[in-house]
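First the proteins, then the strands, lettered A, B, ... as listed; each starts at 1. It should be emphasised that the depicted structure is a prediction, and the values quoted were computed from it without experimental measurement.
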Amino acid sequence: KAGVTQTPRYLIKTRGQQVTLSCSPISGHRSVSWYQQTPGQGLQFLFEYFSETQRNKGNFPGRFSGRQFSNSRSEMNVSTLELGDSALYLCASSLVAGLTNEKLFFGSGTQLSVL
Amino acid sequence: ILNVEQSPQSLHVQEGDSTNFTCSFPSSNFYALHWYRWETAKSPEALFVMTLNGDEKKKGRISATLNTKEGYSYLYIKGSQPEDSATYLCAFKSAGGTSYGKLTFGQGTILTVHP
């Protein structure tokens with residue numbers, strides 16, 4: 001069974017540009033959540049999608065958005081990039097969302113560098 | 001904003017030593033406590049999901065305990081091996097408030113086991 005796949009693995013962008021990251025969950029998993037990891041910070045929750053609907057959102061500005069498709073694949077978009085958006089972006093999948101005891105299965109992440 | 005704290009921030013031990021570290025979380029609105037291991041250049045991998053006060057979980061040489069009333073969990077590694085070197089993350093899932101259903105991660109404990 002294939003794991004969580006994130007593409008691309010690395011990205012270099014300049015300030016003001018926008019970027020789209022992709023996440024394919026484990027087959028059969030319908031929930032995808034996104035996290036940002038910056039040096040010195042823990043994993044910060046961005047948002048969670050289930051059945052193409054955003055179920056939960058973290059404390060990030062509106063420049064960060066996402067969506068989920070009918071095949072459960074998810075994309076995350078960051079518009080008007082800032083230097084502080086340089087981070088490792090991880091996605092994680094699980095069978096369902098919300099109040100569940102399920103563990104998360106993480107992808108390898110996309111390392112975004114904003115110059 | 002929820003506060004999930006892990007201590008120590010980093011730990012160096014010799015092969016064969018036993019070690020433990022702590023995760024502190026809010027004692028209200030508890031739903032679940034997750035532990036993940038994150039090895040360098042790999043994806044975070046779930047160790048345990050704990051839900052009941054007094055819960056104890058074990059996986060090989062690694063075990064964890066949970067005290068939801070006082071808001072802490074301990075992770076123990078018996079007879080540390082170099083392959084145990086990783087960042088250990090805990091994450092709190094809230095059953096209420098503005099963080100309902102969200103996983104809030106601590107900053108992690110970086111464990112280095114020297115041969």
[X]-[Y] co-clustered via ILVMFWY side chain contacts under 4.5 Å:
X: B:Trp35; Y: B:Leu89; value: no
X: A:Val78; Y: A:Leu88; value: no
X: A:Val4; Y: A:Leu104; value: no
X: B:Phe21; Y: B:Phe25; value: yes
X: A:Tyr89; Y: A:Phe45; value: no

Count the heavy atoms of every other residue, nucleotide or ligand shown that sit under 6.0 Å from [atom1] of [X], and state whether that count exceeds 12.
X: A:Leu95; atom1: CG; result: yes
X: A:Arg63; atom1: CZ; result: yes
X: A:Phe69; atom1: CZ; result: yes
X: A:Lys57; atom1: NZ; result: yes

Which bit of [X] comes within less than 4.5 Å of chain A, counting heavy atoms only: side chain, backbone, both or neither?
X: B:Lys102; result: both
X: B:Ser94; result: backbone
X: B:Leu47; result: neither

Distance check, rounded to the nearest 0.5 Å: [X] atom [atom1] versus [Y] atom [atom2]?
X: A:Phe106; Y: B:Tyr36; atom1: CZ; atom2: OH; answer: 5.5 Å
X: B:Gln107; Y: A:Gln37; atom1: CD; atom2: CD; answer: 9.0 Å
X: A:Gln41; Y: B:Phe105; atom1: CD; atom2: CZ; answer: 14.0 Å
X: A:Asn101; Y: B:Met50; atom1: CG; atom2: CE; answer: 12.0 Å

Locate the shortest heavy-atom distance separating B:Ser43 from A:Gly107; write the atom from each residue and the value. OG-O, 3.0 Å
Taking all non-hydrogen atoms of both residues, which atom of A:Lys103 and which atom of B:His34 are closest, and how far apart? CA-CE1, 4.1 Å
A:Glu102 portion near chain B, given a 4.5 angstrom heavy-atom threshold: backbone
If one checks every heavy atom of A:Tyr35 against chain B at 4.5 Å, the contacting part turns out to be side chain
Sub-4.5 Å side-chain heavy-atom contact between A:Leu90 and B:Pro44: yes
Under 4.5 Å, heavy atom to heavy atom: which of residues 58-88 of chain B reach chain A? Give them by number, or say none. none
